[in-house]
There are 2 protein chains.
Amino acid sequence: MRHDEDAPPAHTPAPAEAAPPSPPVRRTARRATGRVTLDDVAREAGVSAITASRALRGTRGVDAALAERVHAAAARLGYVPDPAARALASAHSQHVAVLIPMLSNTLFVELLESVQRTLTPAGYQTLIGVTHYRPDEEEALLRSYLAHRPAGLLVTGFDRTPAAQALIDGSGLPCVHMMETRQAPGVHSVGFSQQAAGRAITEHLLARGRRRIAYVAGQMDPRVMQRAEGWRAALRAAGCHDPALELMDPTPTSMALGGRLFRELMARHPDVDGIFFCNDDLAQGALLAALRMGIAVPQQVAMAGFNDLAGSDQMIPPLTSVRTPRAEVGAQAATLLLGLMRGQQPAQPTVDVGFELVVRQSS
Amino acid sequence: MRHDEDAPPAHTPAPAEAAPPSPPVRRTARRATGRVTLDDVAREAGVSAITASRALRGTRGVDAALAERVHAAAARLGYVPDPAARALASAHSQHVAVLIPMLSNTLFVELLESVQRTLTPAGYQTLIGVTHYRPDEEEALLRSYLAHRPAGLLVTGFDRTPAAQALIDGSGLPCVHMMETRQAPGVHSVGFSQQAAGRAITEHLLARGRRRIAYVAGQMDPRVMQRAEGWRAALRAAGCHDPALELMDPTPTSMALGGRLFRELMARHPDVDGIFFCNDDLAQGALLAALRMGIAVPQQVAMAGFNDLAGSDQMIPPLTSVRTPRAEVGAQAATLLLGLMRGQQPAQPTVDVGFELVVRQSS
DNA sequence: CTGAAAGCGCTTACAG
DNA sequence: CTGAAAGCGCTTACAG
């Protein structure tokens with residue numbers, strides 16, 4: 001059923017004879033009146049609005065008995081503070097803007113969940129921004145979120161447009177960088193060395209006796225490039241670095257891409273005996289492709305992934321990977337930010353949470 | 001390096017002799033003064049604040065030339081409206097609260113991205129709430145988000161606590177339900193029949209000559225139960241429903257769980273010749289387990305999943321599944337909500353986007 | 001430790 | 001079509 005564009009909406013009431021001069025009805029709620037305000041709570045508790053405000057916010061310097069009365073009154077009336085009014089008056093919301101590249105990589109979902117587990121109980125609300133690995137989108141998100149006067153910022157990595165960086169710096173807001181670390185004055189970060197992790201997993205393949213080790217990657221974001229750097233360093237040190245074995249594709253990673261890149265690689269370089277994939281989904285796809293092609297893993301080609309994602313332990317054979325402690329990163333970054341938002345000087349501005357090799361049968 | 005708790009922060013400046021009576025320095029930005037306000041824009045454009053406000057919001061009834069001047073002035077000054085002030089004055093923010101069960105199921109990530117692709121260009125900001133399939137968490141999120149006076153609500157399905165439902169109803173806000181459909185006065189929904197989809201995929205297995213068809217599920221959320229209902233209906237109609245072949249686990253779905261449930265099922269019922277999994281990750285895990293156990297798919301056991309997730313087409317053999325149009329659901333739900341927020345009567349309060357069988361070699 | 005006044009930056013409702 | 005006044009619901013200074 002469709003209404004004609006110009007036809008009056010079906011629910012319009014017939015005009016009554018002596019209708020009272022009521023204001024036009026809006027579809028949405030009109031709580032302007034209904035809302036329980038701080039003044040209501042203050043009146044109920046027999047104190048001033050300021051005292052009620054201070055008691056509710058837990059500001060010290062309020063008589064315990066009074067505070068008790070205020071809390072009781074608030075509970076009785078079902079008072080919920082208005083975040084907009086609070087933000088307007090104090091110039092800061094209880095929002096924390098969290099900028100991550102992508103939600104389809106479960107890595108970032110786990111990071112996010114961990115951040116929220118720390119921030120939510122502390123009374124902060126996360127404003128989730130997905131940049132799709134695009135610097136221009138990150139800049140736009142930053143611009144839009146900054147208008148909401150967040151209390152703090154959580155961002156991924158260090159690579160962004162100068163304008164985006166200027167927005168962060170100019171805001172003067174506490175900001176913690178996640179997933180990578182960098183030592184610099186006034187810079188806060190929680191992560192690990194992507195390059196060291198890339199180097200470690202490559203050295204593991206070398207220790208397995210492999211010499212023709214390829215690096216296969218998708219997405220090509222900054223961290224993927226840092227892992228490549230680690231791969232190069234390890235192979236150069238071992239004297240068997242071949243730039244031709246570096247296969248990168250800007251497409252987002254997926255099992256399908258992994259299968260395709262693996263077939264490409266083996267067609268071009270049949271002598272490859274080890275592969276380091278920048279992300280587990282690529283490796284999973286390659287593992288299945290190898291099974292289909294009859295290429296023995298690890299006998300003919302050893303494989304290792306990155307991030308130890310769900311399902312990697314279920315593969316045939318189970319996949320060797322690098323376990324990246326994203327939950328730890330999220331928790332520590334949020335905790336660090338919490339301290340900064342309270343005006344505290346952090347014990348350490350940079351936290352390296354490390355990484356862990358998970359050696360399974362694919363290598 | 002660690003600072004002693006009581007030591008003064010390292011950056012405290014030495015007290016100057018004739019220091020001006022400046023206010024105490026705060027770590028965070030003090031834009032109270034710096035901020036460009038609507039009044040600045042109005043002054044720059046030579047109009048009143050109201051006119052500037054109306055011009056910027058695109059309210060009709062502003063002289064074109066004036067509006068042009070206002071926009072130019074805003075651009076020149078780099079004016080960014082303050083969402084908090086706007087929300088406080090108008091009793092509504094530009095937020096839309098989106099409540100989804102989980103981010104680790106890529107289904108919901110795709111749904112969300114699609115919602116944002118529609119809402120963001122329209123000037124709305126999504127407030128993402130993850131309920132973890134827990135009614136109490138949903139209720140708490142609703143309470144907290146409603147305080148932010150969102151302009152609209154997007155929720156998943158219809159099953160929630162009475163209190164949560166009362167919050168939604170009492171808010172008077174436009175609300176669209178996603179993933180399921182339900183015909184009821186004043187209720188808006190975009191989705192498809194989970195039961196019909198469950199029935200259709202089961203009938204497909206029946207058409208392949210299978211008679212001992214099991215339903216294997218995790219999570220056990222309302223939609224998983226509706227699919228079970230479809231499975232039952234199809235088998236009853238075919239005269240071969242066996243309740244013993246219904247294997248459900250409350251654990252979140254994963255490849256590992258799929259492998260485990262598959263082994264359990266085959267141990268208990270070696271005669272099973274077809275399996276419908278409530279989600280593709282379960283089926284993927286089962287497929288790998290079958291490969292490991294030497295059980296031929298589809299010869300001995302045909303398998304079908306649900307949602308056609310990433311990787312299912314890469315499996316050995318490629319997995320038959322039900323493609324659920326979550327991007328379509330997200331787009332249509334957001335569009336419907338947009339109309340409601342503008343006070344329009346929707347052409348149809350319920351949109352069924354359907355589903356599609358994707359038959360591959362596993363069945 | 002408590003409070004009266006002012007103001008945050010917008011929009012609503014009312015006039016003209 | 002445009003505007004002056006009032007107010008949204010809080011918190012920030014400033015006093016006492």
Side-chain angles (χ1 to χ4, degrees), chain A residues 21-26 28-43 45-70 74 77 79-94 147-149 151, chain B residues 21-26 28-43 45-70 74 77 79-94 147-149 151:
Chain A
S22 60
V25 177
R26 296 185 50 198
T28 48
R30 338 179 67 236
R31 345 175 170 138
T33 352
R35 189 156 196 132
V36 177
T37 71
L38 186 63
D39 275 313
D40 298 329
V41 175
R43 206 171 305 120
V47 299
S48 73
I50 303 312
T51 300
S53 168
R54 284 196 273 246
L56 258 16
R57 273 178 299 146
T59 307
R60 41 172 252 145
V62 177
D63 184 77
L66 276 194
E68 186 46 53
R69 243 162 58 203
V70 171
L77 299 179
Y79 171 69
V80 181
D82 185 322
R86 185 172 268 186
L88 187 58
S90 72
H92 279 296
S93 70
Q94 291 295 98
H148 284 86
R149 323 195 204 204
Chain B
S22 61
V25 176
R26 296 187 49 198
T28 48
R30 338 179 66 237
R31 343 172 171 140
T33 351
R35 189 158 198 131
V36 177
T37 71
L38 186 63
D39 275 313
D40 298 328
V41 175
R43 205 171 306 121
V47 298
S48 72
I50 304 311
T51 300
S53 169
R54 285 196 273 246
L56 258 16
R57 273 176 299 147
T59 306
R60 40 172 252 146
V62 178
D63 183 80
L66 276 194
E68 185 46 52
R69 243 161 61 203
V70 171
L77 300 180
Y79 170 69
V80 180
D82 185 324
R86 184 172 270 186
L88 187 58
S90 70
H92 280 295
S93 69
Q94 292 295 99
H148 284 86
R149 321 197 205 204

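Lettering follows sequence order; numbering is per chain, from 1. These values consider heavy atoms only, across backbone and side chains, with no hydrogens, waters or symmetry-generated copies.
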Per atom distances to the A/R57 side chain, the nearest of D/dT12, D/dT2, C/dG9 is D/dT12
Taking D/dC8, C/dG7, D/dA4 as options, the one with an atom nearest any side-chain atom of B/A89 is D/dC8
Between N or O atoms, less than 3.5 Å apart, protein on one side and nucleotides 14-16 of chain D on the other: list the pairs.
none

Whole-Å distance, B/I50 CD1 to C/dC10 C1', equals 9 Å
Comparing nearest nucleotides in DNA chain D, the 5'-proximal residue of the pair B/A85, B/V62 is B/V62
CG of A/L88 to OG of A/S93, rounded to nearest 0.5 Å, is 11.5 Å
From the candidates C/dT2, C/dG3, D/dG9, the one with an atom nearest any side-chain atom of A/D63 is C/dT2
Taken to the nearest whole Å, CG/A/D39 to P/C/dA4 is 11 Å
The Watson-Crick or G-U wobble partner of D/dA4, with both key distances under 3.5 Å, is none
Rounded to whole Å, CG of A/L88 lies from C1' of C/dG9 at a distance of 5 Å
A/R86 CZ to D/dC8 P, in whole Å, measures 18 Å
Interatomic distance, CZ@A/R43 vs OG1@A/T37, rounded to 0.5 Å, equals 6.5 Å
Re C/dA13: Watson-Crick or G-U wobble partner, both distances kept under 3.5 Å, found to be none
Does a nitrogen or oxygen in the side chain of A/T37 sit under 4.0 Å from OP1 or OP2 of D/dG9? no
- Under-4.0 Å side-chain N/O to phosphate OP1/OP2 contact, B/T51 with D/dG3: yes
Practice problem: Would you sort out whether B/L38 and B/L56 count as a side-chain contact (heavy atoms from CB on, under 4.5 Å), showing the intermediate values? | Solution: CA-CA 10 Å; B/L38 186 63; B/L56 258 16; 3.8 Å; yes
A side-chain contact here means heavy atoms from C-beta on lying under 4.5 Å apart; do A/T51 and A/L66 qualify? yes
Looking only at D/dA4, D/dC10, C/dT12, the nucleotide nearest the B/S90 side chain is C/dT12
B/L56 CG to C/dG9 P, in whole Å, measures 16 Å
| message | At less than 4.0 Å, is any side-chain N or O atom of B/S53 found next to OP1 or OP2 of C/dC10? Yes or no. | response | no
Open item on the list: I want to check one thing: is the phosphate of C/dT2, taken as OP1 and OP2, less than 4.0 Å away from some side-chain N or O of A/S48?
Closed with: no
Separation of C/dT2 atom C1' from A/E68 atom CD, nearest Å, is 18 Å
Whole-Å distance, B/L38 CG to D/dA4 P, equals 13 Å
Taking the side chain as C-beta and beyond, is there a heavy-atom pair between A/H92 and A/H148 under 4.5 Å? no
In short, A/R69 meets A/G46 closest at the heavy-atom pair NH2-O, 3.6 Å
note: A/H148, atom NE2; C/dC10, atom C1'; distance rounded to Å ~ 14 Å
Heavy atoms of A/A147 and B/P83 approach each other most closely as O-CD, 3.2 Å
May I have the step-by-step check of side-chain contact (heavy atoms from CB on, under 4.5 Å) for B/V70 and B/V41, ending in yes or no?
CA-CA 7 Å; B/V70 171; B/V41 175; 4.1 Å; yes
